[in-house]
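Below: the structure, in structure tokens.
All values below were derived from every heavy atom in this structure, side-chain atoms included, with hydrogens, water molecules and symmetry-related copies excluded.
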Amino acid sequence: MRISPTSCLCPFLVCLCFVLHCYGDGHHGTAEIPSRNQTRHAEAESEVHHRPKRGWIWNQFFVLEEHIGPDAQYVGKLHSNSDKGDGSVRYILSGEGAGTIFVIDEITGDIHATKSLDRERKTHYVLHAQAIDRYTDKPLEPESEFIIKVQDINDNAPKFPDGPFVAAVPEMSEVGEYECVAGNPTCVKYDILKGIIRTALANMDREAREHYAVVIQAKDMAGQVGGLSGSTTVNITLTDVNDNPPRFPQKNYQLYVPESAQVGRPVGKIKASDEDLGINAEIKYSIINADGASVFSVSTDRDTREGIISLKKPLNYEKKKMYTLHLEGANTHLDPRFSYLGPFMDTATLKITVGDPPVFSLDHYIMDVYENAPAGTEVGAVMARDPDSTGSAIRYFIDRDRRGHEYFNIDAHSGVIKTTQSLDREEIAWHNITVMASEVDNPSLVSHVPIMVQVLDVNDNPPEVATDSEVIVCESSRPGQVIQTIGAVDKDDFANGFRFFFSLPSNLPINPNFTLRDNEGMMIQMMVMMVLVRMLRMTMQMMRMKMTLIMVVTVIMQMVVIK
């Protein structure tokens with residue numbers, strides 16, 4: 001068969017136009033149905049080469065995220081070159097979102113998105129298309145795979161996922177020094193950007209202000225109109241440096257030390273203040289004059305940062321009554337950058353007066369007072385004197401840190417002790433208190449003396465009959481036979497509660513079948529037993545109060561005489 005040159009050129013031109021048409025479609029985003037000329041050309045080519053050529057015609061599809069229009073969003077068109085446009089071809093869509101998110105017109109091949117999509121959740125969808133003969137339900141083309149990509153819009157503001165942030169920068173830093181968020185050794189980083197916070201002021205002082213809150217904002221689209229923004233807070237703390245020297249609150253101090261102070265024991269303390277923190281505030285104390293350092297020493301308490309003054313040699317009031325210590329407090333960790341703020345030390349003078357505390361007339365006092373006596377009843381008096389030649393006046397007071405003080409008061413000048421309330425011997429028979437005495441001119445020298453107050457008994461408790469509520473008598477009991485022995489107890493002391501007299505109540509009718517006899521012999525035995533119990537109790541109390549053995553024996557002998 002002969003083919004003319006004109007007939008050969010026409011199919012070539014048709015194919016070239018088809019290629020150019022497809023290239024243009026690739027740039028405009030939507031595939032169009034080929035013209036009838038293109039279809040006929042395909043058929044002619046088939047006739048020329050004697051082999052079928054079928055295929056899908058579409059471009060890569062795109063759909064915008066966050067579509068909120070009233071109509072479904074048009075995605076694109078699928079078309080098979082088997083489609084003659086006579087409605088005999090039916091298009092079927094399957095894969096991700098087919099039938100729910102994406103629907104296809106089975107006649108035209110148009111695809112629409114029925115739901116709003118979110119690119120941040122899913123960036124693309126993989127689907128499959130198939131062209132089927134509507135009359136025979138047979139596939140006209142092999143199933144083909146294509147992708148619908150979700151195009152991004154600016155619908156997410158910048159976020160600081162780890163905020164608020166915590167940062168630190170040393171105080172007194174130079175302008176431009178920066179500190180980054182804690183946990184990142186270089187700087188604050190975000191998904192795309194990084195932020196560096198720099199100091200804008202020189203010599204920021206932590207002691208004046210320690211904490212700063214800086215609000216940071218991040219904008220996308222380079223800050224242009226329509227861009228979104230997010231913010232977070234960076235909490236910045238100025239860390240401490242040693243830029244403050246220690247300072248004594250005052251330059252002169254006084255301390256009274258008793259002549260009886262023990263060597264090696266603390267006798268006083270002194271403290272310098274430092275506005276810095278941690279090791280920057282550590283202070284070492286020292287005595288810088290030889291006269292004071294020969295008798296006293298000073299050390300640093302790590303917890304309280306106080307200077308603890310101790311005695312190195314015994315004191316003698318007659319030889320030397322006063323010492324002068326020149327004390328120095330200096331930082332132990334210096335920062336050479338701030339040496340111009342120094343010197344990082346301070347000095348103070350401590351005058352130590354040697355003296356003896358007051359001496360009581362007795363090592364301990366034993367006093368007594370009757371129970372039920374009204375408040376303000378005098379119990380006794382103590383006396384102390386100044387052992388030094390000055391003969392300073394003495395002031396008395398009760399140690400309120402110990403139990404029992406609430407029952408008594410003492411006159412600060414006379415030393416007379418009085419009750420503050422009525423006492424009950426049956427509740428507390430002995431009271432132990434501690435009286436202190438100090439010199440008026442030297443209140444730091446204090447002496448202590450124990451006071452034991454005995455509460456004397458009065459007969460303020462009736463006897464109580466101790467017997468069973470029911471007495472059983474045998475039928476065969478003889479006249480005069482003892483059927484029950486009745487006893488009694490009394491909370492009062494033996495002098496007021498051991499002699500009981502028993503009788504029948506006179507207001508009740510006399511029962512001729514029973515009589516009551518006062519058994520004096522039994523009462524004597526009971527008295528002896530109660531006396532021994534009282535003696536044992538008193539002995540134990542006296543031992544607790546550190547009474548001498550002679551006093552205990554004397555009390556026991558007195559009890560025996562009474563028996």
Side-chain angles (χ1 to χ4, degrees), residues 170-173 203-210 238-357 438-439 441-446:
E171 63 174 329
M172 311 300 289
S173 297
N203 300 329
M204 289 189 293
D205 191 0
R206 183 198 64 83
E207 288 72 33
R209 182 177 178 181
E210 184 175 3
L238 296 184
T239 57
D240 186 63
V241 298
N242 190 8
D243 59 340
N244 291 279
R247 290 286 180 263
F248 286 103
Q250 58 194 65
K251 288 297 182 181
N252 297 287
Y253 296 86
Q254 289 187 349
L255 177 66
Y256 290 92
V257 179
E259 184 183 24
S260 58
Q262 298 181 12
V263 174
R265 300 294 299 274
V267 295
K269 60 182 64 175
I270 194 170
K271 184 177 183 180
S273 60
D274 194 315
E275 295 182 353
D276 294 320
L277 300 175
I279 62 173
N280 296 322
E282 291 183 0
I283 301 173
K284 180 182 180 181
Y285 297 92
S286 57
I287 301 174
I288 57 178
N289 63 315
D291 181 40
S294 63
V295 182
F296 297 91
S297 64
V298 62
S299 60
T300 302
D301 188 311
R302 292 184 176 273
D303 296 329
T304 64
R305 292 176 179 167
E306 294 175 319
I308 308 301
I309 300 170
S310 302
L311 188 63
K312 294 172 63 176
K313 295 180 179 180
L315 299 176
N316 191 324
Y317 177 80
E318 285 71 22
K319 291 184 178 181
K320 191 167 186 176
K321 300 178 176 61
M322 181 174 292
Y323 293 86
T324 300
L325 305 184
H326 296 297
L327 296 170
E328 178 184 273
N331 283 146
T332 58
H333 296 80
L334 301 179
D335 192 330
R337 296 177 299 171
F338 308 105
S339 58
Y340 66 94
L341 298 175
F344 284 80
M345 52 82 65
D346 196 17
T347 59
T349 300
L350 174 64
K351 291 187 177 181
I352 297 179
T353 301
V354 180
D356 275 345
S438 66
E439 298 179 11
D441 298 336
N442 189 3
S444 63
L445 298 178
V446 180

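To the nearest 0.5 Å, atoms NZ (Lys321) and OG1 (Thr353) are separated by 11.5 Å. Taking CD1 from Ile279 and OG1 from Thr332, the interatomic distance works out to 7.5 Å, rounded to the nearest 0.5 Å. The distance from atom CG of Leu350 to atom CD1 of Ile270, rounded to the nearest 0.5 Å, is 5.5 Å.
Nearest approach of Phe344 to Leu334, heavy atoms of both residues: CB-CD2, 3.6 Å. The two residues Lys313 and Ser294 have their closest heavy-atom pair at CE-O, 3.3 Å. The minimum heavy-atom distance linking Val446 with Pro443 is given by the pair CG2-O, 3.5 Å. Residues Ala272 and Pro246 share a closest heavy-atom pair of CB-CB, 4.4 Å. Between Phe248 and Leu327, the shortest heavy-atom distance links the atoms CE1-O, 4.3 Å. In terms of heavy atoms, Asn289 sits closest to Ile287 at OD1-CG2, 3.3 Å.
Residue pairs meeting the salt bridge (charged side-chain N to carboxylate O under 4.0 Å, His left out) criterion with at least one member in residues 263-291, sequence neighbours excluded, are Lys269-Glu306, Asp291-Lys320. Applying the salt bridge (charged side-chain N to carboxylate O under 4.0 Å, His left out) test to residues at least two apart or on different chains, the pairs with a partner in residues 335-350 are Lys251-Asp346, Asp335-Arg337.
Side-chain atoms of Thr300 come within 3.5 Å of backbone atoms of Ile283 as a donor-acceptor pair (strictly under, hydrogens ignored). At least one donor-acceptor pair under 3.5 Å links the side chain of Lys312 to the backbone N or O of Ala293. No side-chain donor-acceptor contact under 3.5 Å links Tyr285 to the backbone of Ile309. Within the 3.5 Å criterion, the main-chain N or O of Asp303 finds a donor-acceptor partner in the side chain of Asp301.
Two residues are said to be in side-chain contact when any heavy atoms from C-beta on lie closer than 4.5 Å; Val295 and Leu315 meet this criterion. The side-chain heavy atoms of Tyr323 and Val354, taken from C-beta on, include a pair separated by under 4.5 Å. Using a 4.5 Å heavy-atom cutoff, the side chains of Leu325 and Thr349 are not in contact.
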Determine all donor-acceptor pairs shorter than 3.5 Å in which one atom belongs to a side chain in residues 253-261; sequence neighbours excluded.
| unit_1 | atom_1 | unit_2 | atom_2 | d |
| --- | --- | --- | --- | --- |
| Tyr253 | OH | Gln250 | N | 3.2 |
| Tyr253 | OH | Gln250 | O | 3.3 |
| Glu259 | OE2 | Tyr317 | N | 2.9 |

